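Treat the numbers as computed from the prediction; the structure is a model and nothing was measured. Note that ligands are numbered from 1 as they come in the structure, with each ligand's atoms numbered from 1 the same way.
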Amino acid sequence: MGRLLGGSTSHNAMLYFRGFKNDFDFWAANGAKGWSYRDVIPYFLKFENFEFPNANPNDNCGELTVTQNPEIEETPMYKVFDKATKQMNMPVVPCNVPNPDGK
Ligand SMILES: Cc1cc2nc3c(=O)[nH]c(=O)nc-3n(C[C@H](O)[C@H](O)[C@H](O)COP(=O)(O)OP(=O)(O)OC[C@H]3O[C@@H](n4cnc5c(N)ncnc54)[C@H](O)[C@@H]3O)c2cc1C
């Protein structure tokens with residue numbers, strides 16, 4: 001994967017995802033000083049610009065604009081994913097919270 005000019009960054013799906021709190025904290029605990037979730041959150045907040053109706057105004061000042069795709073729920077892939085997560089009783093959670101397990 002990613003063996004092209006620009007690497008995987010050139011062909012990803014453009015879904016925006018901060019990552020898991022536990023991953024950052026694990027890296028910090030294993031020597032990555034300054035990479036705990038608490039350390040990195042100010043930088044996420046600095047560069048993000050969420051354009052959602054319910055966005056936190058504190059998240060709305062950066063240069064990386066993140067929007068919702070209103071058509072995504074009509075795609076076949078979304079419908080299959082939606083059905084599977086309901087069957088597994090997975091909760092609906094926002095993506096960019098410390099522990100975003102769920103749909
Ligand atoms: C199909 C797909 C979909 C994805 N969708 C998403 C998404 O929706 N949202 C999201 O957040 N992430 C997504 N990702 C993950 C994301 O794209 C990667 O995590 C990110 O691009 C990694 O960036 P990077 O700068 O670390 O590496 P890359 O962008 O891959 O850059 C690494 C570069 O190093 C080069 N390189 C490697 N080895 C050598 C070497 N020995 N010598 C010289 N050059 C070398 C590679 O050719 C490449 O250009 C997706 C990934 C894939 C594959």
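Within the 4.0 angstrom cut-off, atom 26 (O) of ligand 1 has no protein heavy-atom neighbours. Atom 19 (O) of ligand 1 is not flagged as protein-proximal [any protein heavy atom, distance under 4.0 Å]. Not a single protein heavy atom sits closer than 4.0 Å to atom 34 (O) of ligand 1. Within the 4.0 angstrom cut-off, atom 44 (N) of ligand 1 has no protein heavy-atom neighbours. In this structure, atom 40 (C) of ligand 1 has no protein heavy-atom contact shorter than 4.0 Å. Per-atom contact check: atom 48 (C) of ligand 1 touches the protein, criterion being a heavy-atom distance below 4.0 Å.
Summarising the geometry, atom OH belonging to Y37 is positioned 12.0 Å from atom CH2 belonging to W27; distances are rounded to the nearest 0.5 Å. Here R3 contributes atom CZ and S10 contributes atom OG; the two are 14.5 Å apart, rounded to the nearest 0.5 Å. Rounded to the nearest 0.5 Å, atoms OH (Y16) and CD (E48) are 3.5 Å apart.
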Side-chain donor-acceptor pairs under 3.5 Å in residues 61-74, sequence neighbours left out?
{"from": "T65", "atom 1": "OG1", "to": "N49", "atom 2": "ND2", "distance (Å)": "3.1"}
{"from": "N69", "atom 1": "OD1", "to": "E71", "atom 2": "N", "distance (Å)": "2.9"}

*Could you walk me through whether I41 and R18 pass the side chain to side chain contact (heavy atoms under 4.5 Å, CB included) check?*
CA-CA 9 Å; I41 271 295; R18 277 184 193 162; 3.6 Å; yes
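Judged by distance alone, with hydrogens and angles left aside, the side-chain atoms of N30 form a donor-acceptor pair with the main-chain N or O of F26 at under 3.5 Å.
Counting non-hydrogen atoms of neighbouring residues, nucleotides and ligands closer than 6.0 angstrom, the OH atom of Y43 reaches no more than 12 such neighbours. No more than 12 heavy atoms of other residues, nucleotides or ligands sit less than 6.0 Å from atom CH2 of W35.
Each of the following atoms of ligand 1 lies closer than 4.0 Å to a heavy atom of M14: 7 (C), 8 (O). Every atom of ligand 1 is numbered from 1 in the order shown, and the set under 4.0 Å from a heavy atom of L4 is 49 (O). Atoms of ligand 1 found under 4.0 Å from any heavy atom of G6, numbered from 1 in the order shown, are 29 (O), 49 (O).
Under the 4.5 Å side-chain heavy-atom criterion for Ile, Leu, Val, Met, Phe, Trp and Tyr, L45 and F47 are members of the same hydrophobic cluster.
The protein heavy atom nearest to atom 9 (N) of ligand 1 is L15 O, 2.7 Å. Of all protein heavy atoms, the one closest to atom 5 (N) of ligand 1 is A13 N, 3.1 Å. Closest protein heavy atom to atom 46 (C) of ligand 1: G2 O, 4.1 Å. Scanning the protein heavy atoms around atom 53 (C) of ligand 1, the nearest turns out to be M1 SD, 3.7 Å. At the top of the distance list for atom 13 (C) of ligand 1, counting protein heavy atoms only, stands N12 CB, 3.5 Å.
Residues forming a side chain to side chain contact (heavy atoms under 4.5 Å, CB included) with N22 (at least two apart in sequence, or on another chain): N99.
Residue F17 has no nitrogen or oxygen atom sitting less than 3.5 Å from a nitrogen or oxygen atom of ligand 1, judged on distance alone. Note: an N/O pair closer than 3.5 Å links T9 and ligand 1 by distance alone. Considering backbone and side-chain N/O atoms, S8 comes within less than 3.5 Å of an N/O atom of ligand 1.
For L5, the heavy-atom gap to ligand 1 stays at 4.0 angstrom or more.
Of the listed options G7, S10, G19, G7 places a heavy atom closest to atom 31 (O) of ligand 1.
A heavy-atom distance below 4.5 Å is not found between the side chains of T75 and K79.
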